[in-house]
Amino acid sequence: MVDWQETEKTVVDKLLKTLQELPAADARLLSGQRSFSNARPRIDAKIDFSISNQHFTLLVEAKKSVFPRDTREALWQLREYAHQLGGGDRIIPLLAAESISNGSKEFLRQENVGYFDMGGSLFLPAPGAYVFIDKPVPRNLARSVTTVFKGKRSQVLRVLLHAPQHWFSVKALSEAARVSPATASETLIMLERFEWLGARGQGPSKERQLIAPRALLDEWKKQILAGMKPKVRRYYVPNATNDDTFIGRMDMAFAETGVEYVLTQESAAQRYAPFLSSLSRVSCRAASARTAANVLSKLGAKEVSEGANFIMIENLAEEGPFLFKERHGAAWLASPVQVYLDLLIAGGRAQEAAEHLRNERIGF
């Protein structure tokens with residue numbers, strides 16, 4: 001409780017300071033005590049706020065972090081308290097937190113409810129004194145979201161996106177994703193906070209289903225474009241073309257060396273959903289960079305800075321990119337979702353190819 005009270009005080013103090021720094025504005029705390037009465041919902045702070053000769057009362061609900069799932073309950077509490085005070089356009093409900101997700105901010109704006117986060121974002125839908133300051137999501141929230149799309153947790157996302165119509169228990173999901181039940185459970189909890197999952201049942205028999213695959217893939221796209229790009233090694237291989245002759249030779253070299261691989265980017269996209277008239281390179285991921293050196297030697301590959309026709313994306317020993325690989329002719333292809341994600345970082349017309357693949361093969 002002490003930790004929470006300190007967080008609440010810090011958030012409210014920062015909100016007050018931000019309000020006081022607005023042009024022609026003043027703000028003072030009327031009360032900052034929580035109400036635990038069963039007769040009415042709690043409120044964390046009441047602030048007397050004036051700006052440009054307009055006067056308002058801000059009813060503040062303070063939280064540590066806010067995701068879409070949290071927003072509806074807080075909104076109900078704020079509106080109920082405002083109603084008990086008589087309502088009117090001089091009373092403004094406001095949700096304040098260390099961090100608020102972009103989805104929650106959008107929802108609050110649509111509902112005409114104010115918000116503030118420690119990153120400095122502020123929204124006040126006050127009649128005659130509309131205030132909107134939009135700043136990047138605070139780092140702590142951004143980091144928590146980013147971790148869902150990396151490492152073992154990303155394997156859970158791949159399973160859900162591969163079968164969005166399927167209901168999964170934690171046990172079944174962990175087995176399909178090749179992760180521990182704890183990792184599967186933690187990932188599901190985060191996804192539920194974004195309201196991307198449906199749920200049925202209780203306890204050990206509880207199951208989840210991905211109900212917002214488009215929103216999940218959109219967020220993954222955003223993370224890919226904003227994050228660190230994987231290391232790419234570029235090679236020149238004599239007679240390396242995207243036809244079956246070279247692909248068969250490459251496939252045999254990987255098989256002889258015992259290294260798992262998948263074609264990706266345009267090389268795989270053309271086989272899933274043809275879009276480009278010609279390809280100038282072959283792209284793949286290999287499970288082991290160290291043993292892949294033997295494959296490169298068999299192919300006569302030479303590392304180059306320009307004129308590459310064979311690309312190998314560093315895989316960092318992750319299983320995720322190899323989940324749901326498909327055999328097409330003489331080659332293994334990464335799953336359509338993995339190919340889509342890899343196309344996003346490929347440059348050139350790959351972005352167009354990515355959206356074409358998404359529309360034609362992925363479907364959401």
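Quick caveat, the model's predicted, so the values are computed rather than measured.
Remark: Lys231 pairs with no residue by the salt bridge (Lys or Arg N to Asp or Glu O under 4.0 Å) rule, at least two apart or across chains. Annotation: side-chain hydrogen bond (donor to acceptor under 3.5 Å, both in side chains) contacts of Glu360 (sequence neighbours excluded): none. Evaluation of the ring-ring contact (aromatic ring centres under 6.0 Å, His included) rule for Phe322 yields no partner, not counting sequence neighbours. With sequence neighbours left out, the ring-ring contact (aromatic ring centres under 6.0 Å, His included) criterion links Phe246 to no other residue. In this view, Phe254 and Tyr261 satisfy the ring-ring contact (aromatic ring centres under 6.0 Å, His included) rule, not counting sequence neighbours. Scanning for salt bridge (Lys or Arg N to Asp or Glu O under 4.0 Å) contacts around Arg214 gives an empty result, with sequence neighbours left out. Checked against salt bridge (Lys or Arg N to Asp or Glu O under 4.0 Å), Arg234 has no partners two or more places apart in sequence or in another chain. Legend: residues meeting salt bridge (Lys or Arg N to Asp or Glu O under 4.0 Å) with Asp48, ordered by chain and number and at least two apart, are Arg28. Under the rule for a side-chain hydrogen bond (donor to acceptor under 3.5 Å, both in side chains), Gln351 has no partner lying at least two apart in sequence or in another chain.
Under the 6.0 Å cut-off for aromatic ring centres, Tyr130 and Phe123 qualify, their centroids lying closer than that.
Using a 4.5 Å cut-off between side-chain heavy atoms of Ile, Leu, Val, Met, Phe, Trp and Tyr, Phe275 falls into a hydrophobic cluster with Leu276, Leu279.
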Start with the C-alpha gap between Glu355 and Tyr340, add the side-chain angles, then the distance that decides, and say whether side chain to side chain donor-acceptor pair (under 3.5 Å) holds.
CA-CA 8 Å; Glu355 297 311 316; Tyr340 172 75; 3.1 Å; yes
Under 3.5 Å, sequence neighbours excluded: what are the donor-acceptor pairs made by side chains of residues 300-312?
{"unit_1": "Glu303", "atom_1": "OE2", "unit_2": "Arg233", "atom_2": "NH1", "d": "3.3"}
{"unit_1": "Asn309", "atom_1": "OD1", "unit_2": "Val237", "atom_2": "N", "d": "2.8"}
{"unit_1": "Asn309", "atom_1": "ND2", "unit_2": "Val237", "atom_2": "O", "d": "2.9"}

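With Trp167 as the aromatic partner, Arg208 does not meet the cation-pi criteria of under 6.0 angstrom to the ring centre and within 45 degrees of the ring axis. With a 6.0 Å cutoff to the six-membered ring centre and a 45° limit on the axis angle, Arg109 does not count as a cation-pi contact of Tyr115.
Among residues at least two apart or in separate chains, salt bridge (Lys or Arg N to Asp or Glu O under 4.0 Å) pairs with a member in residues 10-21 are Lys9-Asp13.
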